[in-house]
Amino acid sequence: WAPSGTLLATCSRDKSVWVWEVDEEEEYECVSVLNSHTQDVKHVVWHPNQELLASASYDDTVKLYHEEEDDWVCCATLEGHESTVWSVAFDRSGERLASCSDDKTVRIWRRYKPGNEEGVACSGTDPTWKCICNLSGYHSRTIYDVAWCHLTGALATACGDDAIRVFEESASSDPQQPTFSLAAHVPRAHSQDVNCVAWNPKEPGLLASCSDDGEIAFWKYQRPEGC
């Protein structure tokens, strides 16, 4: 669901992303079919406060979409992952996006608007999304999901090595080149692949996870001192 509650996005192995509009009678109408990806689309997520949509795909890319003259169009393609992108998550501001992949990395992307002070080139009026951080060497298998807590800023991952990890951004790091450190690691969080992680939107540190083992687990995370 988009933040407004009037738009719904779905994605499929048929390589498409559909945007649906729901009216007051709860009638659903497909307003756009987006065929920008060349392979299965694994995940869609809306920007926290704008009608901007992100998708992750088997074609190793992340794509962003917005409405333009009564139709939805792809406005950015994020390239850098070397294998399937399984999931994406915006931070609280929506200015940054995390993506996780079969290449065992998490990438952090930042939005740069035309005329930005940093001098990042933009084409026309569309912003550019640039990779500003690559978390590699922490995961031993595919990362299936990433969740960015909008209350605390903690970043959680679900991995095919049965583990859950939580990363924290260094308070002193450069916003243009942030550094994240591994703050928590539960090696055997589940007995099989961890497929999904989700932060509670009201209670800081409350995390849910689910797995191929058929179980849902709830975790209480506390930020380590000095992190």
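Just so it is clear, the model here is predicted, and its values are computed rather than measured.
- Heavy atoms of other residues, nucleotides or ligands lying less than 6.0 angstrom from CD of Glu117 number 12 at most.
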> Yes or no on side chain to side chain contact (heavy atoms under 4.5 Å, CB included) for Val88 and Ser99, after CA distance, side-chain angles and deciding distance?
Replying inline: CA-CA 4 Å; Val88 278; Ser99 58; 3.8 Å; yes
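- When all heavy atoms are compared, the tightest approach of Pro127 to Arg111 is CB-CG, 3.6 Å.
- No donor-acceptor pair closer than 3.5 Å links the side chain of Trp46 to the backbone N or O of Glu51.
- At least one side-chain heavy atom of Tyr65 sits under 4.5 Å from a side-chain heavy atom of Ser55.
- Neither Tyr58 nor Leu78 shares a network with the other; the hydrophobic side chains, linked directly or stepwise wherever heavy atoms of I, L, V, M, F, W or Y lie under 4.5 Å apart, form separate groups for each.
- The two residues Asp60 and Thr84 make their nearest non-hydrogen contact at OD1-N, 3.2 Å.
- Between atom CD of residue Glu27 and atom CD of residue Glu21 there is a gap of 12.5 Å, rounded to the nearest 0.5 Å.
- A donor-acceptor contact under 3.5 angstrom links the side chains of Asp212 and Asn195, judged on distance only.
- No donor-acceptor distance shorter than 3.5 angstrom exists from the side chain of Asp40 to the backbone of Lys42, with no hydrogens or angles considered.
- Formation of a donor-acceptor pair under 3.5 Å by the Ser211 side chain with backbone atoms of Gln192 is found in this model.
- Using modelled atom types, one side-chain atom of Thr128 and one backbone atom of Ala121 make a donor-acceptor pair closer than 3.5 Å.
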> Can you check side chain to side chain contact (heavy atoms under 4.5 Å, CB included) on Asp71 and Ser32, steps first, answer last?
Replying inline: CA-CA 7 Å; Asp71 198 14; Ser32 190; 3.5 Å; yes
> Going through the checks in order, is the side chain to side chain contact (heavy atoms under 4.5 Å, CB included) test met by His66 and Val73?
Replying inline: CA-CA 6 Å; His66 64 188; Val73 296; 3.7 Å; yes
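- Atom CZ of Arg110 is separated from atom CG of Asn116 by 8.5 Å, given to the nearest 0.5 angstrom.
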> When you look at Leu155 and Ile108, which way does the side chain to side chain contact (heavy atoms under 4.5 Å, CB included) test go after all the steps?
Replying inline: CA-CA 11 Å; Leu155 198 68; Ile108 309 293; 3.9 Å; yes
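- Within a 6.0 Å radius of NZ in Lys104, other residues, nucleotides and ligands contribute 12 heavy atoms or fewer.
- The neighbour count for Lys202 NZ, taken as heavy atoms of other residues, nucleotides or ligands under 6.0 Å away, does not exceed 12.
- No side-chain donor from either of Thr61 and His81 sits under 3.5 Å from a side-chain acceptor of the other.
- If you check the side chains of His190 and Asp162, you find no donor sitting under 3.5 Å from an acceptor.
- Cluster membership check: Leu52 does not share its hydrophobic cluster with Val44, using side-chain heavy-atom separations under 4.5 Å among Ile, Leu, Val, Met, Phe, Trp and Tyr.
- Scanning both residues, Trp199 and Cys149, for their nearest heavy atoms gives CD1-N, 3.4 Å.
- By the 4.5 Å heavy-atom criterion applied to side chains, Val45 and His43 are counted as neighbours.
- For the side chain to side chain contact (heavy atoms under 4.5 Å, CB included) criterion with Leu207, the lone passing option out of Ile164, Asn200, Val186 is Ile164.
- Expressed to the nearest 0.5 Å, how far OG of Ser83 lies from CG of Asp102 amounts to 3.5 Å.
- For CD of Gln222, the number of neighbouring non-hydrogen atoms (other residues, nucleotides, ligands) closer than 6.0 Å is 12 at most.
- Within 6.0 Å of the CD atom in Gln177, the count of heavy atoms belonging to other residues, nucleotides or ligands does not exceed 12.
- You'll find the side chain of Ile143 reaches within 4.5 Å of the side chain of Val106, heavy atoms only.
- Here the closest heavy-atom approach between residue Val197 and residue Ala147 is recorded as O-CB, 3.5 Å.
- Proximity of a side-chain donor or acceptor of His47 to a complementary backbone N or O of Gly94 within less than 3.5 Å is detected.
- Put simply, NE2 on His37 and NZ on Lys15 are 12.0 Å apart, with the number rounded to the nearest 0.5 Å.
- Asp174 and Gln176 get closest at one heavy-atom pair: OD1-N, 2.9 Å.
- Using a 3.5 Å distance cut-off with no hydrogens or angles, the side chains of Ser101 and Trp86 do not pair a donor with an acceptor.
- Within the 4.5 Å cutoff, no side-chain heavy atoms of Tyr144 are placed close to those of Cys196.
- Leu8 contributes atom CG, which lies 5.0 Å from atom CH2 of Trp1 (distance to the nearest 0.5 angstrom).
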> Lys63 and Ser36: side-chain hydrogen bond (donor to acceptor under 3.5 Å, both in side chains), yes or no, with the steps?
Replying inline: CA-CA 8 Å; Lys63 289 186 183 282; Ser36 300; 5.5 Å; no
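- Counting only heavy atoms from C-beta outward, the side chains of Asp70 and Val31 never approach each other to under 4.5 Å.
- More than 12 heavy atoms of other shown residues, nucleotides or ligands fall within 6.0 angstrom of atom CG in Leu151.
- For the pair Trp72 and Leu7, the minimum side-chain heavy-atom distance is below 4.5 Å.
- Geometrically, Arg92 does not engage Phe90 in a cation-pi contact, judged by NZ or CZ lying under 6.0 Å from the ring centre and within 45° of the ring axis.
- Residues Thr10 and Trp20 are in side-chain contact: their nearest non-hydrogen atoms beyond the backbone lie under 4.5 Å apart.
- The structure places CZ of Arg107 at 8.5 Å from OG of Ser136, a figure rounded to the nearest 0.5 Å.
- Put simply, Val194 and Phe218 are part of two different groups of oily side chains (I, L, V, M, F, W, Y) that touch within less than 4.5 Å, one to the next.
- For the residue pair Tyr221 and Ala154, the shortest heavy atom distance occurs at CE2-CB, 4.1 Å.
- Leu64 and Tyr112 sit in two unconnected hydrophobic clusters of ILVMFWY residues. Membership requires side-chain heavy atoms under 4.5 Å apart, directly or through other members.
- Under the 4.5 Å side-chain contact rule for hydrophobic residues, Trp148 and Trp109 do not share a cluster.
- Aromatic ring orientation, Phe167 versus His139: tilted (interplanar angle from 30° to 60°).
- Here the side chains of Ile132 and Arg96 are in contact, with some heavy-atom distance below 4.5 Å.
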